[in-house]
Structure formats: C-alpha cells, structure tokens
Amino acid sequence: MHILTSEFFNRDTHEVAKDLLGKVLYHRKGENLYRAVISETEAYHGTEDLACHCSKGKTPRTEIMFGEAGYIYIYLIYGMYQMLNFVTMPMDFPAAVLIRGVKDAVLTKENNSEIIFQNNQTNGPGKLTQKLQIGKELNKKLISPVNNLWVCDNGIYIPEKDIHTGKRIGIDYAKEWRDKAWRFYID
DNA sequence: CAAGAGATCATCT
DNA sequence: GATGATCTCTTGA
C-alpha cells in the first residue's frame, strides 16, 4: 500500500486519469475515515480545451490548476454540488482530473464500526463528494494524509481491456473538444 | 423508458 | 445578470 505523491500527478493528464482507476481514495474527517475505489475520471487539459475552466484564463478560482501537480481543486457547480479534482502537469500548465465516480465506499467510525455505501450512492461526481463528506475546505490543499485526503496504490492492476473510454459529460458547449474521449471508467 | 424542470449560488462579465 | 465538469423527481408515451 503506497501513497501517491506529486510525482504520480505530474504527468500527462490523460495518463493520470486512466491510472487513477482502481486506486484507493481516502478522506479523514474528524473521527471518520472514508475510503473508496476510484472508478470513473475525466481529463481537463490545457487552456485550449474549451471544457476546461482554464480556457478562460487564470482567475482566483482556477489558479490552483496552473500550479504544481498533486494539489486538490474543488469547486461548486449548480449551486449545490462540490466537484473533486486533482491537479496534474508541471507548473504553469493548467490541467486536472475530475473524479466522477467511486465504488466500494466504506466509512470506518471511531469505534471501528463500518458503514458500507451502495455503489449507486457514489457513482456521480456530486454524489461521491456528498457521501464522502468532501468539501471546499480541501480546495488548494496538497493531496496528502497531512491534509486528510490522499490516494493509495493497493497494487491491484486493472487490465487495459477493462478500461473504457467515452466522451466527457455535461460539456456540450465545448465545440470540437466536446467529442474528445477523455472520460475513463471501469465496470 | 426518455425528456424536462427545478433546486440554488459562487464565479465571472 | 447569466451560467454551469449535477442530481432527483415528475411527466408522458
């Protein structure tokens, strides 16, 4: 069980998005420890990608994506859903991976009792942040146990044939970038 | 089943 | 003042 560091995220966004599948996301909130297997991701890569928030340039909200890889980018969408992203690529290249779905989510409480979430409760980007209690206090933080949110490689290898790709969701306005197969998922 | 509407607010123009 | 990297519920065939 090995904790992913900035080195893992400081690569091509599409590779990171694909390699995150099957990795284990952890979030510690008070006495509660959440863990879940990442099952769906999307790549948002560069200022030319009209679906990427950075296509409109550097703003207070998006500056974290222009920074070093391995940081957390969280923003509110539709007034009610937090989106969890991991910053990729070197300094000054804006890019991030959106975590769109997790599976086998488990909450371990202080007394070691466990609550298991049904997969259909965590199979959307807004749903998983709600269930795993991931909020904007983590925005702009380093992905690390120090900040209570981190990702582990549990050694399980996902065969290439089990990785599906498709168009990204909810970005019909992005012209020619709309049809890029930059969404990755398993099962 | 597919399609549509409503909820709700930080962010940028 | 408009607009989403969404989700759930309702409607209608």
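Everything numeric in this text was worked out from a predicted model, so none of it was measured. We name chains A, B, ... by the order of the sequence lines, and we start the count at 1 in each one.
- Partner of A/N148 under the side chain to side chain donor-acceptor pair (under 3.5 Å) criterion, chosen from A/K141, A/R28, A/K29, A/E137: A/R28.
- Of all heavy-atom pairs spanning A/L76 and A/Q82, the tightest one is CD1-OE1, 3.3 Å.
- Nearest-nucleotide mapping onto DNA chain C: of A/G170 and A/Q130, the residue sitting toward the 5' end is A/G170.
- Ion pairing between a basic and an acidic side chain is recognised when a charged N comes within 4.0 Å of a carboxylate O; A/R178 and A/D49 show no such pairing.
- Ring centroids of A/H45 and A/F93 are separated by less than 6.0 Å, placing the two rings close together.
- Where pairing requires Watson-Crick or G-U contacts shorter than 3.5 Å, the helical stems of DNA chain C with at least three consecutive pairs are B:1-7 with C:6-12, B:9-12 with C:1-4.
- Taking the ring axis of A/Y185 as reference, the NZ or CZ atom of A/R183 stays within 45° of it and closer than 6.0 Å to the ring centre.
- Comparing B/dA10 with C/dT8, their C1' atoms sit 22 Å apart, to the nearest whole Å.
- Among the candidates A/D187, A/N119, A/N123, the single residue satisfying the side chain to side chain donor-acceptor pair (under 3.5 Å) test with A/K103 is A/D187.
- For an aromatic pair to be called close, the ring centres must be under 6.0 Å apart, and A/Y75 with A/Y73 satisfies this.
- You can see that DNA chain C meets the heavy atoms of chain A within a 4.0 Å-exclusive cut from C/dG4 to C/dT8, reading 5' to 3'.
- At the heavy-atom level, A/I169 lies under 4.0 Å from the strands shown only through sugar-phosphate atoms.
- The cluster map of Ile, Leu, Val, Met, Phe, Trp and Tyr, joined by side-chain heavy atoms under 4.5 Å apart, puts A/F8 and A/L84 in the same cluster.
- Ion pair A/E42/A/K180 not flagged as a salt bridge, since none of the NZ, NE, NH1 or NH2 atoms sits closer than 4.0 Å to an Asp/Glu carboxylate oxygen.
- Distance CG/A/L107 to NZ/A/K131: 11.0 Å, rounded to 0.5 Å.
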Pick out the pairs of N or O atoms, protein on one side and nucleotides 8-13 of chain B on the other, that lie under 3.5 Å.
from: B/dT8; atom 1: O2; to: A/Y78; atom 2: O; distance (Å): 2.6
from: B/dC12; atom 1: OP1; to: A/T59; atom 2: OG1; distance (Å): 2.1

